[in-house]
Number of protein chains: 2
Amino acid sequence: MTRILVVDDEPQILRSLRTTLGANEYEVLTAETGEDALAQAAAVLPDLVILDLGLPDLDGTEVVRRLRVWSDVPIIVLSVRDRQEDKIGALDAGADDYVTKPFGLGELLARIRAAQRRAGGVQTEPVLAFGDLTVDLGRRLVMAAGEPVHLTPTEFRLLEAMVAHPGKLLTQRWLLQHVWGGAYGAEANYLRVYVRQLRQKLGDRADAPRFILTEPGVGYRWVADPPS
Amino acid sequence: MTRILVVDDEPQILRSLRTTLGANEYEVLTAETGEDALAQAAAVLPDLVILDLGLPDLDGTEVVRRLRVWSDVPIIVLSVRDRQEDKIGALDAGADDYVTKPFGLGELLARIRAAQRRAGGVQTEPVLAFGDLTVDLGRRLVMAAGEPVHLTPTEFRLLEAMVAHPGKLLTQRWLLQHVWGGAYGAEANYLRVYVRQLRQKLGDRADAPRFILTEPGVGYRWVADPPS
DNA sequence: CCGGGGCGTCAAGATGGTGTGAGGACGCCA
DNA sequence: TGGCGTCCTCACACCATCTTGACGCCCCGG
């Protein structure tokens, strides 16, 4: 999860940003002074900094400069001042962007995304690995023993549902509802057929399970850490 | 020397920027239409692009999107529009910064410096190769087995959407929305026809795929590493 | 020892999606 | 206005996938 350090001395802005950013899957840290901001930045290494220019102790530009001595973290400057010299100063000190208050929250979010994208922080494709089996949820690509495995849509949904909850006991009803839809729940034979196909394609065996464990009378369990 | 491509249809802005930027040790190239901008960007590989949203032929956001398919060049969007949606759209399409007209030249220069400082990276030729197939995304040129291949605009957009995400499973809905526009999503027969035409022109076969893999019921996949 | 329920396995029919070819509609340019 | 390229539409054969039923096995309780 992306950590954002918000530096502002107005509690109102702080509160507003905390809720807005928090609602958009960001972890929000706050600081109200320049010194505090620098200390926190060094301590928690945030992924992005939103910085108000009008701080009580230090000049915002100075904060940017001192951050840039050791950090390349993206910095978005926030300010009520719309003067050219302020913008030029902050940007040349090393800020990435300059937004004038009042600003639209949507715009700020877009600028955060842009700054993050540049920083290269969005390359976290979820690739799960279980021994010689890798499951790339983003690419919908499954590799077993170095070879790509072709799965039908239903097979993939079933695999997806299982690997998303490793080690957890998944009841037949739960699996049926998640893979086939809410109207299903009693068609245990579907599961038997597709679990078999999955096991076959992934190189697993019912009598010597490496990935899919049968829990008789209840459901199935995806083995968290297979014996390699 | 840093090369900047300025895209704007107002000769006045063009002239003003040419002198200002020229006086600051930048080499200035200009384009007045979106198509011209894309062509020039591919030909001269500028170090930075300044782009007006209100172009006569293409929507500015569309230009950003098409540039971003193959290039990471910093893009600063210039616009008279101050609407939130425009900003969000342009930034999420891949723009680095958004400046509203009228703007101060000093600020623009500072934003150029900021964008450049971040970029650092090297410009790569936008030419992708897959076995005996080469795709020049910038010049919109495709070569198969040493022979140039003529593609219609729609065919090229489809190819572009696929080669930009090698190995990834692209759903029919996603492809339709990206090639035909957001309003589409259910016209699977369009895809079938154009995928067939692409396969034919690229020397690919449905029953022995080298490039385009069919994932029945889901979509298509551009094979990352074709068997040569 | 016997019976039953659940599971694994297999194969065949039903279903819906895909490949393919052709033809018409439309806009663009001379 | 006519030709040309491109896009869209349709019908049909074919194929992958889904569904369904049947059967043997094992485990467990009666």
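Between A:Tyr220 atom OH and C:dG6 atom P the separation is 13 Å, expressed in whole Å. Between B:Leu151 atom CG and D:dC7 atom P there is a gap of 10 Å when expressed in whole angstrom units.
Two residues are said to be in side-chain contact when any heavy atoms from C-beta on lie closer than 4.5 Å; B:His165 and A:Arg139 fail this criterion.
Salt bridge annotation for B:Arg210-B:Asp132: present, with a cationic side-chain nitrogen under 4.0 angstrom from a carboxylate oxygen.
For C:dG19, its base sits under 3.5 Å from the side chain of B:Arg192 at one donor and acceptor pair at least.
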May I have the step-by-step check of salt bridge (Lys or Arg N to Asp or Glu O under 4.0 Å) for B:Lys101 and B:Asp82, ending in yes or no?
CA-CA 8 Å; B:Lys101 296 182 188 176; B:Asp82 197 16; over 6 Å; no
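Across all strands, A:Val193 comes closer than 4.0 Å to base atoms (heavy-atom distances). When heavy atoms are screened at a 4.0 angstrom cut-off, B:Gln172 is found touching the sugar-phosphate backbone but no base atom. Contacts of B:Arg205 with the nucleic acid, taken as non-hydrogen atoms under 4.0 Å apart, are absent. As judged by a 4.0 angstrom heavy-atom cut-off over every strand, B:Tyr194 is placed among the base-contacting residues.
In this structure, the side chain of A:Arg118 does not engage the main chain of B:Ala115 through any donor-acceptor pair within 3.5 Å.
Checking B:Trp180 against A:Asn189, the closest nucleotide of DNA chain D that is more toward the 5' end is the one next to B:Trp180. Between B:Val218 and B:Gln200, it is B:Val218 whose nearest contact on DNA chain C lies nearer the 5' terminus.
Taking only side-chain nitrogens and oxygens, B:Thr154 never comes nearer than 4.0 Å to OP1 or OP2 of D:dT6.
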